[in-house]
Amino acid sequence: MIDLRSDTVTQPTAQMMEAILQAELGDDGRTNAEGKGEDATVNALENLAAKLTRKEDALFCNSGTMANHTALLTYTKRNGRIGVDPDSHIYQSERAIFQKEYFGREPVFFRSDETGRPLLESIDTLPKEKLGVLCLENTFSSKGGTCISAKETAAFCKKANEYNLPVHIDGARIFNAATHFNTSVKVLAAPAASIQFCLSKGLGAPVGSVLCGSKAFISEARKVRKLIGGGMRQAGVIAAAGIEALKRVETVHEDNEKAYLLKSLLHMQEEVFQLNQVESNIVLLNLSKERFSAEAIKDALAEQGLKVKTTAGNQLCMTTHKDVTVRDIEQAAAILNTYFAKIKRSPV
């Protein structure tokens, strides 16, 4: 079975498992004199993440959702407003932050173009009362993994700064964006006040995300993380795998290249699908809504040995990662081409 549902399906490497066994552990839930936890391995991961993003400090969280929620709860109070793109992962998949019965923040929407790049003039129209932060997603997953450049990020942050608003980057796959632009994460993150990135997606660790920002911001965020149940004890057992995952930064380009290969091998069937631009490790196919069901196609492809994900927009989403080979990509393309050629004649 070739699994392209997400880069979250990767298995930890032997080096990660060995690092877990050798990790120096402490109680991350108890802070030391410097305001850090007492787990040396977690501290090493946080220091490394801060260095890679060129932020003053970092906070290890158990998921990207917790990292984003921790950031947004730190920036805002109940009934406060958060500026987001309506198609962003934060709004679409992490919506508890906006639900009255949970965290009670209000979303206000700026607009982006069809690729997911924000339209700066739409920020001017946002209601500014109680608006505490603007969110930028890089890469923009629902748009097919669009990569936002350092120049675009700087322009977005400059516009936000006109209204004294901090910018938080949901950078779950920021390393895929960095390799697309042949630059570093610290360059992409520099204009923003904070950024979170996932260890458990493109980097291949089994668990975890890291929130990075100023020392003052992370100090407050550490308190928020504890309040929402994110306090951890001997968390070095998972942080150790995260440190190993960060050694993979130099090879993330391989995942992007597999996605480019998959795109190049697909035979265009315009009667069946339109193909989004491919900039990172996501390949997104927009199916003809009038003729085809993404769910039915997903099930049929699984029967032939290929797992893909569907989206609410009647799309097929395929994400390349370290555990699929070039041969897997070639086989996946063959399965897709054969199936699409068949259903073009008999809609599903």
Could you state whether Phe273 and Tyr260 fall into the same hydrophobic cluster, counting links through intermediate Ile, Leu, Val, Met, Phe, Trp or Tyr residues with side-chain heavy atoms under 4.5 angstrom apart?
yes

Listed pairs under 3.5 Å, donor-acceptor, residues 202-221 side chains, sequence neighbours left out:
residue, atom, partner, partner atom, Å
Ser209, OG, Gly64, N, 3.0
Ser214, OG, Phe217, N, 3.0
Glu220, OE2, Lys223, NZ, 3.1

With a 4.5 Å heavy-atom cut-off, do Val185 and Phe197 have their side chains touching?
no

For Thr13 and Glu244, does a side-chain donor sit closer than 3.5 Å to a side-chain acceptor?
no

One should read off an interatomic distance between Arg54 CZ and Lys186 NZ, to the nearest 0.5 angstrom, of 4.5 Å

Shortest non-hydrogen contact from Thr41 to Ile243?
O-CD1, 3.7 Å

Asp170 and Asn138 side chains, donor-acceptor separation under 3.5 Å:
no

Could you pull out the closest heavy-atom pair between Val308 and Met318, with the gap in Å?
CG1-CG, 3.4 Å

With no hydrogens and no angle check, just 3.5 Å: does a side-chain donor-acceptor pair link Asp328 and Thr325?
yes

What residues, two or more places apart in sequence or in another chain, satisfy salt bridge (charged side-chain N to carboxylate O under 4.0 Å, His left out) together with Glu162?
Lys159

Do you know the tightest heavy-atom contact between Leu126 and Leu134?
CD1-CD2, 3.8 Å

Could you tell me whether Arg173 and Asp7 make a salt bridge, using a distance below 4.0 angstrom between a side-chain N and a carboxylate O?
yes

My understanding is that a hydrophobic cluster links ILVMFWY residues whose side chain heavy atoms are under 4.5 Å apart, including indirect links. Using that, what else belongs to the cluster containing Val187?
none

Residue pair Leu285 / Leu275, side-chain heavy-atom distance below 4.5 Å
yes

To the nearest 0.5 Å, atom OG1 of Thr53 lies from atom CG of Leu48 at 9.5 Å

What verdict does the side-chain contact (heavy atoms from CB on, under 4.5 Å) test give for Lys307 and Met1, after you've listed the backbone C-alpha separation in whole Å, the side-chain angles of each residue and the deciding distance to 0.1 Å?
CA-CA 7 Å; Lys307 289 184 178 181; Met1 184 67 72; 3.6 Å; yes

Any Lys/Arg nitrogen of Glu106 or Arg81 sitting under 4.0 Å from an Asp/Glu carboxylate oxygen of the other?
yes

Regarding Ser149 and Glu152, do their side chains bring together a donor and an acceptor under 3.5 Å, going by distance alone?
yes

Between Phe103 and Phe98, is the ring centroid distance below 6.0 Å?
no

Under a 4.5 Å cut-off applied to non-hydrogen side-chain atoms, are Leu4 and Thr319 in contact?
no

Side-chain touch Val42/Glu46, heavy atoms, less than 4.5 angstrom
yes

Could you tell me whether the side chains of His89 and Ser141 share a donor-acceptor contact shorter than 3.5 Å?
no

Any chance CD of Glu121 has more than 12 other-residue heavy atoms, nucleotides or ligands included, within less than 6.0 Å?
yes

Pick from Lys263, Arg117, Lys143: which one makes a salt bridge (charged side-chain N to carboxylate O under 4.0 Å, His left out) with Glu279?
Arg117

Of all heavy-atom pairs linking Phe110 and Cys135, the shortest is CZ-O, 3.2 Å

Pairing donors with acceptors under 3.5 angstrom, does anything connect the side chains of Asn32 and Glu38?
no

Value rounded to 0.5 Å, distance of CG in Asn68 from CD1 in Ile195:
10.0 Å

May I ask you to say whether Lys36 pairs ionically with Asp28, meaning some side-chain N is under 4.0 Å from a carboxylate O?
no

Just checking, is any N or O donor in the side chain of Asn176 or His253 under 3.5 Å from an acceptor N or O on the other one?
no

Charged N to carboxylate O under 4.0 angstrom, Glu330 versus Lys258?
no

Between Ser112 and Asp85, is any side-chain donor less than 3.5 angstrom from a side-chain acceptor?
yes

Charged N to carboxylate O below 4.0 Å: is that the case for Asp255 and Arg248?
yes

Any chance CD of Gln99 has more than 12 other-residue heavy atoms, nucleotides or ligands included, within less than 6.0 Å?
yes

